[in-house]
Amino acid sequence: MKDQLIRNATLVNEGRRFQADVLLRQGTIARIAPEGIGDAGNMEEHDAGRLYLLPGAIDDQVHFREPGLTHKEDIAHGSAAAVAGGITSFMEMPNTKPPALTRELLEEKYAIAHATSVANYSFYMGVSNANIDEVRRTDPRTVCGLKAFLGSSTGNMLVDDPGTLDVLFRESHMLLAVHAEDEGMIRAGLAQAKAKWGDDIPIEEHPVIRSAEACYRSSSNAVALAKEHGTRLHVLHISTARELELFTPGPVETKHITAEACVHHLWFTDADYARLGARIKWNPAVKARADRDAIRKAVNEGRIDVVATDHAPHTLDEKSQPYTSCPSGGPLVQHALVAMLELARQDVFTIEQVVERMCHVPARMFKIERRGFLREGYAADLVLVDLNAPWTVKRENLLYKCGWSPFEGQRFHARVKTTWVNGVRAYAGGQVDRTVRGQRLTFDR
Ligand code: DOR
């Protein structure tokens with residue numbers, strides 16, 4: 001592989017912004033030179049023209065639907081859309097078909113990713129009421145973590161057996177990521193809504209059915225169990241102001257309980273249901289403006305550790321069904337970083353904060369080796385963004401297999417110009433190089 005030199009970039013890294021030339025050699029960042037690099041000799045040169053160079057984002061929650069649900073998405077399409085959006089590494093969830101509940105099934109996913117993923121990848125081991133022995137035998141260096149649905153969502157992977165939960169929290173020897181919504185409260189909320197509306201419940205009822213109280217009850221129970229047993233707990237997609245009291249600011253290395261926010265809960269509010277309907281039906285539900293604003297503040301404080309997508313595509317046909325048969329979730333990886341940079345433009349976050357939550361902290365939290373930072377010796381996972389190149393999300397510029405986005409019609413100021421994955425240009429000139437292959441993430445555990 002030929003050496004590459006990125007000249008005149010504005011690097012954003014570890015709370016600083018500075019000009020430098022960056023030399024890429026054999027997939028890694030060989031040199032970061034604020035003083036510039038003179039004669040390049042025989043290498044490929046890219047003039048960054050002072051645009052911003054960030055570490056590639058690391059998304060700790062995606063659903064790429066393979067195997068079994070590839071009419072919605074697959075790893076080839078999902079990873080290509082991710083790279084076009086500046087996400088160079090992803091961690092994928094187990095609610096595929098069959099669900100990833102054994103080491104063998106997980107290795108099948110790794111084999112698919114090895115053959116088809118443009119981005120770097122890791123997969124969560126799923127937890128069910130019946131696979132605790134398999135979970136016990138999982139080597140923490142082979143997966144990003146464990147995933148348990150404490151409230152049901154796509155894929156019927158609910159873990160509700162008290163004995164299983166007890167063993168899981170007591171014995172879990174690696175990061176346990178949870179979807180926290182109280183199942184009893186969700187069922188009661190749904191029964192009430194059905195009694196009133198039948199099957200065609202208005203979408204505005206979604207955050208009433210999957211209520212803030214249901215989130216709080218489940219997250220607070222999970223946090224209490226983790227405190228009792230010293231579990232390394234990661235609570236996914238926080239959607240309410242009230243849950244934030246369960247978490248503390250501070251360096252991720254000092255915590256055994258961490259939290260994630262997702263782009264849709266930082267962007268949308270319940271006022272958007274009227275315009276977007278079930279396209280913003282997610283579990284947990286998008287809630288009130290006060291919740292969104294509190295989550296934004298918590299991201300800035302570090303009470304929320306990471307920002308991810310929960311990219312979870314369904315077909316438009318599926319999303320057009322009446323409430324009770326319409327699945328929750330939507331595609332996001334292509335627009336998550338530019339949406340966060342749009343919020344930075346609105347002074348909700350700083351660009352440094354976006355890099356902290358989407359690149360640095362995911363790497364530190366999962367102890368990913370040599371990624372997530374612009375550092376010499378680290379993998380050359382990079383994204384070059386133009387903060388002032390407005391464009392509009394349209395169906396024609398979507399890379400998702402499902403072919404729609406909740407952001408259609410949205411104008412973003414930031415545009416991803418180029419994405420490098422392990423030093424290879426995987427996205428440039430508006431095109432994904434689908435021949436590029438990412439690597440399996442490795443962990444320093
Ligand atoms: O909205 C969601 N969709 N939330 C989840 O937890 C699962 C996801 C999916 O897989 O569709």
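For ligands, and for the atoms within them, numbers begin at 1 and follow the listed sequence. For clarity, every value in this text was computed on a predicted model and none was experimentally measured. Only this structure's heavy atoms are used, side chains among them; waters, hydrogens and symmetry mates stay out.
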Test: [X] cationic atom under 6.0 Å from [Y] six-membered ring centre, within 45° of axis:
| X | Y | value |
| --- | --- | --- |
| R242 | Y216 | yes |
| R371 | Y378 | no |
| K281 | Y323 | yes |

With heavy atoms of [X] as the reference, note each atom of ligand 1 found under 4.0 Å away.
| X | value |
| --- | --- |
| N95 | 9 (C), 10 (O) |
| H179 | 5 (C), 6 (O) |
| F149 | 6 (O) |
| H314 | 11 (O) |
| R65 | 9 (C), 10 (O), 11 (O) |
| A312 | 3 (N), 8 (C), 9 (C), 11 (O) |
| W282 | 1 (O) |

Ring geometry between Y121 and F90 (parallel below 30°, tilted from 30 to 60°, perpendicular above 60°): tilted
Aromatic ring pairing Y110/F123, orientation class (parallel under 30°, perpendicular over 60°, tilted between): perpendicular
Candidate with minimal heavy-atom separation from atom 4 (N) of ligand 1, of I280, L236, N283: N283
Of the listed options T154, T96, D310, L69, closest to atom 9 (C) of ligand 1 (non-hydrogen atoms): T154
Ligand 1 versus E181: contacting region, heavy-atom distance under 4.0 Å: neither
Structural part of S328 in contact with ligand 1, heavy atom criterion under 4.0 angstrom: both
Worked verdict on H179 versus K147 for side-chain contact (heavy atoms from CB on, under 4.5 Å): CA-CA 8 Å; H179 178 125; K147 165 70 186 286; 4.0 Å; yes
Nearest protein heavy atom with distance in Å, relative to atom 7 (C) of ligand 1: S153 OG, 3.4 Å
T442: side chain to side chain donor-acceptor pair (under 3.5 Å) partners, not counting sequence neighbours: E369
Check residues 385-392 and write down every donor-acceptor pair under 3.5 Å in which the side-chain atom is one partner and the other belongs to a residue at least two apart or another chain.
unit_1: D386; atom_1: OD1; unit_2: N388; atom_2: N; d: 2.9
unit_1: W391; atom_1: NE1; unit_2: A414; atom_2: O; d: 2.8

